[in-house]
Each structure stands twice: as C-alpha cells, then as structure tokens.
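First up is the structure itself, then whatever we jot down about it.
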Amino acid sequence: MDEWRIPIGVWVEDAIDWVQDTFQPVFAFIRDVLIAAYEQLSSLLELSPFWVMVLLLGVLGWLVRGWRFGVVGAAALLLIQFVDQWENAMQTLALVTIAVVVATIVAIPIGIVAARSRIVSNAVRPVLDFMQTMPPLVYLIPAVVLFRVGVVPGMIATVIFAVPPGIRLTELGIRQVDAEVVEAGHAFGSTPGSILRNIQLPLALVTIMAGINQVIMLSLSMVVLAGFVGAPGLGQQVLSAISRLDVGLGVEAGLSVVILAIYLDRVTAALGARSAVARLEQTA
Amino acid sequence: MLRVVAPGVANRAVPGRRYDPECPAQCTGYAAYARADPSRAVPERKVIVAAIRTEGLYKVFGRRADEAVRRLQEGASREDVIPLGATPAVIDVTFDVKPGEIFVVMGLSGSGKSTLIRTLNGLLIPTAGHVYVGGDDIAALNPAALRTLRRDQMSMVFQHFALLPHRTVLENAAYPLKVRGLKKDERAAKARDALAMVGLDGWEDKLPQQLSGGMRQRVGLARALAAETDIMLMDEAFSALDPLIRREMQDQLLELQQRLAKTIVFITHDLNEAMRLGDRIAMMRAGRIVQIDTAEAILRKPANDYVAQFVQDVDRTRVLTAATVMEPVGDGALERGQPTVSPGTMLADVFSLSAQSPLPVAVVDDDRRLVGVIRRETLLSSMAAGDVAPTELTAEGEVTHG
Ligand SMILES: Nc1ncnc2c1ncn2[C@@H]1O[C@H](COP(=O)(O)OP(=O)(O)OP(=O)(O)O)[C@@H](O)[C@H]1O
Ligand SMILES: [Mg+2]
C-alpha cells in the first residue's frame with residue numbers, strides 16, 4: 001500500500017522549506033518585532049509589583065462592570081499571587097495581549113473585505129474552517145520551523161488559532177447592518193469609506209466586540225499549548241506538571257489560566273456592551 | 001378643520017407658481033390648482049426637458065435575469081419567466097417626469113414601486129433599459145459622478161425610514177448636509193428648520209428608537225427636505241402617519257411645491273393621496289405601468305378593469321373639479337342669487353352650494369364671466385364611475401340646455 005500513498009506531508013515540507021529559504025528575512029523581521037514587543041510588555045507587567053497590578057486590574061474591572069466585579073476580580077487575581085504563579089501569569093498575559101492585538105489587526109480588515117465581496121467571503125470561509133478544525137498543536141510544527149523555538153512560534157500559532165472568529169464576526173456584523181440604512185448613505189451621496197466608518201462599523205461594533213472576545217478566549221486556551229515550543233508562562237508550568245505528574249502544580253497553573261480568562265472575558269464583554277449601539281438596544 | 005377649498009381669486013392671480021403668503025397652507029393643492037388651468041401644470045421654463053426619464057426599463061431579480069428580459073421583450077408574460085428563477089419587478093417602464101411635477105406611482109403591494117424608485121437614483125442597476133436624470137444616463141456615470149448627482153440633486157425618503165439608529169434625530173436630519181461638507185452649526189440650523197417643518201421641534205436630541213413610527217417617518221422626511229435638492233424621491237413617505245398629520249404633510253408638500261417647484265416622484269398605494277398630490281399618476285400592476293394620466297383622466301377613462309377597480313372607492317368629489325363636469329356656456333348672464341364657483345373648485349364644495357340653491361351653480365372665471373353651469377343632475381351623474389363628460393350626457397338627451 002505504501003506506494004499508493006499521496007505524499008501531502010512531503011509536499012507541505014517541501015513548501016515550508018521553500019518558503020523558509022525564500023522569505024527568511026521576512027520571518028526574521030517578524031520574529032524580531034514580536035520578540036521585542038513581548039519583552040517590552042512582559043517586563044513592564046512583571047516589574048510592576050503584584051499589588052500594583054492587582055489594584056489596577058481591580059479598578060479597571062470596577063470601571064467597566066461595577067464595584068462588585070472589581071473586588072471579586074482583584075481577589076481572584078490575588079489568588080494567582082498566592083499560588084505563586086504571578087510571574088508566569090504576567091508572561092502569559094503579555095503573550096495573549098500581543099497575540100490578540102495581532103489577531104485583531106488581521107481579522108478586522110479581512111472581515112471588512114469579506115463583508116463587501118462575495119468572492120472574498122467564499123474564498124476565506126474554507127480557510128477559516130481549516131484553521132479552526134486543524135488540531136492547534138499542528139500549527140506549532142511549521143511555526144517552529146519558520147520562527148525557531150521560543151515565544152514567537154507560540155504567538156503565531158495562537159494568532160492562527162484565534163483569528164477565525166474575529167474575521168467571521170466582523171463580516172457577520174457588517175452584513176447584518178440594515179441594508180436600507182446603508183442604501184440611505186448611498187442615496188445621499190456618501191462615499192463607501194464614509195459609509196463604512198459612519199454607518200457600518202458603528203452598527204456592527206457589538207458583533208465585532210463579541211468576535212474579539214472570542215479571540216481572547218481562544219488565545220488563552222492556546223497559550224498553554226504554546227508552552228510546548230518553549231513559550232514561557234503558565235503553559236510552561238502546565239507542561240512541567242504533566243511531565244512530572246505533579247497534580248498540585250497542574251491545578252495551580254490551570255486555575256491561574258481560568259482566572260485570567262474569566263477576568264478578560266468579563267471585561268471585554270462589558271466594553272462591548274458599553275458601545276453606543278449596545279446601550280441603544282437596551283433602551284429599545 | 002382640514003378641508004380643501006378651491007384656489008381663491010387671490011391665488012389664481014399669481015402667475016406661474018410663486019408662493020402666495022396670503023394663501024394658508026391647506027387652501028390650495030398645487031395639483032388642484034394646476035388642474036383648474038391645464039396651462040399651469042408645467043412651470044414656465046424656457047426649455048422643458050424631462051427631469052427624469054426612463055426608457056424601456058427592466059429590473060429582474062434572481063437567476064437568469066437577462067434571459068428573462070429577452071423573453072419579456074419578445075412578449076412573454078411575467079408568469080412565463082418566473083419558472084426560470086427570475087423575479088421581474090419592473091417590466092418595460094417608460095415615462096417622463098417633467099421639472100416641477102409631482103409624479104405619483106400607484107400600485108398594489110409587490111407591484112414594483114420601490115424597485116422602480118430605487119433605479120431612479122441608481123441604488124439598483126437596471127437589468128435593461130435606461131434611466132436619465134437631467135440628461136445623464138445613470139448607468140453610464142462613474143461612481144464619483146453618481147455620488148455628486150445624488151448629493152446635489154436627488155434626495156430620497158425611504159419606505160422603512162432607514163434612519164441611522166445610532167445618531168440623534170438632529171444628526172439624522174443633518175446627514176445629507178454633512179455629506180455635502182457643510183459646517184456643523186450651519187447644517188444644524190438647516191436640519192432644525194427641516195425638523196420644524198415636519199413638526200418635530202423639541203425632539204432633536206432623541207434617538208430614532210425613542211420615537212413613534214410616524215415620527216420616525218417624519219425624520220426621514222426632514223432629512224430629505226434638509227438636503228434641498230431639486231428632485232425628491234418619496235417612497236410611501238406618508239404611509240405611517242395618522243390621518244390628521246398625513247393631511248397636514250400633504251398640504252405642506254403641496255405648499256412647498258408651489259413655492260419651490262421641485263420634481264417629485266411620490267409612491268403611494270392610497271389612491272386618494274395619489275389624486276390629491278399627483279399632477280400625473282402612473283398606475284402600476286405586476287411590474288408594468290398600465291396607465292399614466294392626470295387624476296381626472298384616470299377617474300373618467302380608466303385604461304382597464306384593474307384601474308377601474310382601483311379607482312372605484314376614490315372620493316370623486318375631492319378629485320373632480322367644477323371645470324370638468326360643467327356644461328360650457330358660450331355667453332350668458334348670471335341670474336340673481338345664483339351661486340358661483342371658480343373652475344378649479346372641488347365638487348365637494350359645489351355640492352354644498354348646489355344644495356342651498358334651486359338654481360344651477362354658475363362657473364365663473366377670474367373676471368367673473370360665466371363659463372359654464374352645473375345642474376344637480378350633472379353633479380349626481382358625475383359621481384358614477386366612467387366617463388362623465390357633459391357633452392356625452394347632452395347627446396343622450398339626459399340633460400338639455402335651457
Ligand atoms: N432585493 C430583492 N431581491 C429579490 N426580489 C426582490 C428584491 N426587491 C424586491 N423584490 C421583488 O420585487 C417585487 C417588487 O417589490 P417592491 O418592493 O418593488 O414592491 P412595492 O411595490 O414597493 O411593494 P410595497 O407596496 O409592499 O412596498 C416583489 O415581488 C419582490 O419580491
Ligand atoms: Mg415598496
């Protein structure tokens with residue numbers, strides 16, 4: 001049977017080799033930029049004393065959701081410090097933040113173009129399906145080949161895994177805007193760019209924010225896997241807990257991921273709900 | 001009391017259609033005014049070019065649209081092409097809208113009115129045929145030229161309002177001016193004026209969601225008015241209004257029309273509204289225009305049973321004028337105590353006069369010269385559907401000249 005095998009794997013390897021050789025400077029550049037961004041952000045987060053961070057995040061929670069969430073959020077974050085995972089959590093937060101920023105920068109323009117063009121939409125959809133259903137660990141392999149071991153392949157794999165809902169919900173949000181309202185923009189002679197900025201994006205904002213919220217959640221779930229390729233943070237801890245069968249460490253690191261995830265989810269969800277349109281839907 | 005009375009002498013003395021401040025808002029409908037003297041139906045301009053013109057216009061939705069158009073052009077019916085997967089919404093429509101005219105499009109739900117009006121400003125691209133606005137073929141304009149045309153010359157009132165839900169009432173009304181690049185306070189001032197015109201002063205800072213349906217429709221109206229364009233496309237612009245406000249808005253539109261002589265394409269499925277506003281009415285059925293005529297002509301000579309059925313419920317006393325039912329009199333003297341009306345008087349008002357006097361109602365022109373008389377019999381028979389031309393009645397011997 002062996003001679004009948006379709007050598008997809010070999011083709012992909014060849015393709016990756018070719019890409020690596022041809023675009024080496026590009027990958028080196030991306031790598032340098034991402035490493036620099038990560039180091040800046042993680043050192044900023046780590047260097048601040050934990051109580052300053054807890055206080056800041058607590059106040060942020062209070063501002064966007066109310067005092068109760070602020071207090072509970074701060075207490076939960078404090079728990080991370082008390083299981084001695086604070087530094088790891090901050091490294092993870094830095095990694096997630098950069099991955100989410102990159103994913104958002106990629107997702108929104110693609111979502112906008114897909115919303116305007118059936119052809120692009122039809123071309124993008126299967127790619128997104130592929131990205132979401134491929135076991136995420138698989139991305140790590142070419143990512144390591146192209147970007148070498150460390151924080152960058154972890155970030156890249158995280159972005160690839162997390163970006164689809166950002167694109168999908170941006171497209172959906174824009175398509176859902178009442179066609180007659182968009183027509184009104186055209187009927188009074190607005191340019192497509194002005195219609196996008198003044199009508200479509202503001203009215204799609206709630207849905208786009210829901211997409212970014214999804215991006216954040218997926219990033220956090222991917223970040224543990226990023227530990228496999230040497231990304232620092234809570235993922236590393238989980239990994240070493242597995243290799244040593246250390247249940248205690250595993251639970252502590254896992255719990256820290258959950259606390260971060262819930263905190264970020266609630267804060268971003270609240271930010272989405274604070275947009276003008278969402279408020280307007282509540283009054284309606 | 002909202003009641004349409006014939007244009008008074010003061011009003012009829014105004015040449016053309018300049019605004020007469022002595023005439024209160026509900027005193028004259030331009031359509032009635034123009035009907036009273038057909039020479040006034042078109043404003044006095046040197047060259048009369050159509051403001052909007054369509055030629056063999058087709059809009060077919062769905063699959064195999066071009067194939068459907070080809071078959072329709074070869075004489076197939078709408079039903080014949082539906083199995084192709086096509087939905088013909090507008091079929092072979094040709095008309096001219098004259099500058100300064102209120103052109104009403106009437107038809108049942110689904111007859112293609114909204115689709116038609118959307119092709120006029122290029123929101124929809126015709127499947128076949130042409131739309132000309134001021135001489136430009138809409139489909140041939142590049143996007144920038146089309147935007148300029150829409151921004152500077154055409155505004156639109158949408159059937160479902162199409163307000164920006166995240167903007168206040170004032171911002172909505174000012175939207176066309178913002179697009180045009182006016183300064184903030186300048187556009188706010190104009191938008192406030194437009195909102196006041198539709199009776200929405202005091203609501204500027206509310207969001208559309210906080211308004212009732214009728215109020216939202218008026219915001220849409222104010223938005224189109226604020227644009228101050230020569231051409232207005234109004235898709236069932238009054239459909240959500242209660243009868244009183246609706247009447248008021250109709251009067252305002254007519255008054256505005258007398259003052260500014262805009263070119264208006266007005267869609268409605270209320271025949272009384274059509275007759276009241278329209279200089280001419282296009283009757284649409286299943287995508288085709290079956291008749292284009294003045295209100296009176298449609299009442300008197302419906303093109304087919306469909307139109308006849310449509311018009312049977314209309315209040316004829318508010319459409320027909322004294323001039324259309326009177327028996328012309330070459331010359332003659334007024335009898336003492338004989339009630340008089342001007343040729344443009346609505347029959348509704350002739351009725352009450354006729355009831356008060358045993359003598360026939362005299363129709364007199366501006367110089368109080370007798371031009372015709374209306375007997376009670378004539379008045380009553382004019383209420384029947386079909387042709388009510390007095391000459392015909394005379395020929396049948398039902399009415400004899402005294
Ligand atoms: N975007 C579209 N896609 C497919 N079919 C459409 C579209 N818009 C309209 N139609 C079809 O075209 C026909 C005419 O619709 P249109 O909205 O022009 O009717 P209308 O006369 O404005 O009706 P109403 O009085 O209910 O507003 C209908 O059969 C409708 O289903
Ligand atoms: Mg319609």
Side-chain angles (χ1 to χ4, degrees), chain A residues 108 111-113 115-122 169-170 172-212 270-284, chain B residues 114-115 117-125 141 143-168 171-181 187 206-211 216 219-220 223-224 226-229 231-235:
Chain A
I108 290 183
I112 290 172
V113 175
R116 314 189 123 204
S117 151
R118 270 272 154 229
I119 297 169
V120 174
S121 173
N122 288 339
L169 286 168
T170 302
L172 179 73
I174 292 177
R175 282 192 189 278
Q176 271 178 344
V177 172
D178 184 355
E180 225 187 24
V181 177
V182 176
E183 274 188 329
H186 286 294
F188 288 103
S190 288
T191 59
S194 153
I195 291 174
L196 182 69
R197 269 178 283 113
N198 294 313
I199 299 178
Q200 290 173 309
L201 284 180
L203 292 177
L205 194 62
V206 178
T207 312
I208 294 176
M209 284 305 289
I212 292 174
L271 283 178
R274 282 162 69 91
S275 72
V277 177
R279 268 208 309 274
L280 197 152
E281 275 165 5
Q282 282 156 14
T283 58
Chain B
S114 296
T115 307
I117 208 168
R118 278 180 163 78
T119 59
L120 300 185
N121 63 355
L123 288 179
L124 290 176
I125 306 298
L141 291 176
L146 182 59
R147 278 200 298 274
T148 312
L149 178 77
R150 287 166 172 168
R151 200 182 58 207
D152 299 335
Q153 288 186 45
M154 314 181 85
S155 54
M156 183 159 179
V157 182
F158 285 83
Q159 182 172 7
H160 306 291
F161 323 146
L163 302 178
L164 312 184
H166 57 304
R167 297 287 172 80
T168 62
E171 287 167 336
N172 266 287
Y175 182 73
L177 306 172
K178 187 178 173 194
V179 174
R180 217 173 284 166
R187 60 179 195 246
K206 297 278 192 289
L207 287 170
Q209 268 82 348
Q210 295 168 293
L211 270 56
R216 280 183 224 173
V219 178
R223 177 170 67 180
E228 292 181 335
T229 50
I231 299 175
M232 288 178 83
L233 306 176
M234 305 177 78
D235 191 353

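Source: prediction; values computed, not measured. Throughout, protein chains are lettered first and strands after them, A, B, ... in sequence-line order, and every chain is numbered starting at 1. Only this structure's heavy atoms are used, side chains among them; waters, hydrogens and symmetry mates stay out.
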Work out which heavy atom in B/L177 is nearest to a heavy atom in B/R187; give both atom names and the distance. CB-CB, 3.5 Å
Indicate the atoms forming the closest heavy-atom contact of B/Q159 with B/S114, along with that distance.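 Where B/Q159 meets B/S114 most closely, the heavy atoms are OE1-OG, 2.9 Å.
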Most heavy-atom pairs under 4.5 angstrom with chain B, which of A/D178, A/V182, A/V181?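 Counting heavy-atom pairs under 4.5 Å, the top option is A/V181.
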Audit row: B/I231, B/N121, side-chain contact (heavy atoms from CB on, under 4.5 Å) steps and yes/no: CA-CA 10 Å; B/I231 299 175; B/N121 63 355; over 6 Å; no
Donor-acceptor under 3.5 Å (B/R216 side chain, B/P208 main chain):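 Yes; at least one donor-acceptor contact below 3.5 Å.
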Region of B/Y175 that comes under 4.5 Å of a non-hydrogen atom in chain A: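 For B/Y175, the contact with chain A is made by the side chain alone.
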Structural part of B/L233 lying under 4.5 Å from a heavy atom of chain A: neither
Among B/M154, B/M156, B/R118, B/R180, single out the residue with the greatest number of heavy-atom pairs under 4.5 Å to chain A. B/R118
